[in-house]
Amino acid sequence: MNLTLYIWRQKDRHSPGKMVRYEVKDVNPDMSFLELLDVLNQQLIERGEEPVAFDHDCREGICGSCGMPISGRNRLAC
């Protein structure tokens, strides 16, 4: 399965930011959103691009550090 992600990218707090569109290929429908971001980052690194930064810790839905807006709603990405 292939997915399209729109991610806010900003180099630092002083730089202007923008939404960037990413096509993620070979997504397993059983993946968590964090695993999807790992796949995206691997594809970005292979193309020599800057990976997407995101916060996470336990990856088990316990700590809450992976909370982020997904499809307009605040959710845990794990």
Do the side chains of Val24 and Val20 join up, straight or via other hydrophobic residues, at under 4.5 Å, putting them in one cluster?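 Yes, Val24 and Val20 fall within the same hydrophobic cluster.
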Met1 with Leu37, same ILVMFWY side-chain cluster at under 4.5 Å: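 As far as the 4.5 Å side-chain criterion goes, Leu37 and Met1 are connected within one cluster.
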Mind listing the closest non-hydrogen atom pair of Glu35 and Ser32 along with its distance?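 Smallest heavy-atom distance, with atoms named: OE1-N, 2.7 Å.
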Considering non-hydrogen atoms only, spot the tightest contact between Met31 and Val27 and give its length.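 Between these two residues, the closest heavy atoms are SD-CG1, 4.1 Å.
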Contact check, side chains of Leu5 and Phe33, non-hydrogen atoms, under 4.5 Å: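 Of all side-chain heavy-atom pairs linking Phe33 with Leu5, at least one is under 4.5 Å.
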Side chain Gln43, main chain Leu40, donor-acceptor under 3.5 Å: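 Between the backbone of Leu40 and the side chain of Gln43 there is no qualifying donor-acceptor contact (under 3.5 Å).
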Strictly distance-based, threshold 3.5 Å: is any side-chain N or O of Glu23 a donor or acceptor partner for the main-chain N or O of Asn2?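 Looks like no, no N/O pair under 3.5 Å.
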Using 0.5 Å steps for rounding, measure from the CZ atom of Arg21 to the OH atom of Tyr6.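 Between atom CZ of Arg21 and atom OH of Tyr6 there are 4.0 Å.
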May I have the step-by-step check of side-chain contact (heavy atoms from CB on, under 4.5 Å) for Asp26 and Val39, ending in yes or no? CA-CA 9 Å; Asp26 302 324; Val39 170; over 6 Å; no
Pair up each side-chain donor or acceptor in residues 46-53 with any protein partner under 3.5 Å, not counting sequence neighbours, and list the distances.
| unit_1 | atom_1 | unit_2 | atom_2 | d |
| --- | --- | --- | --- | --- |
| Glu46 | OE2 | Gln42 | NE2 | 3.2 |
| Arg47 | NE | Glu49 | OE2 | 3.0 |

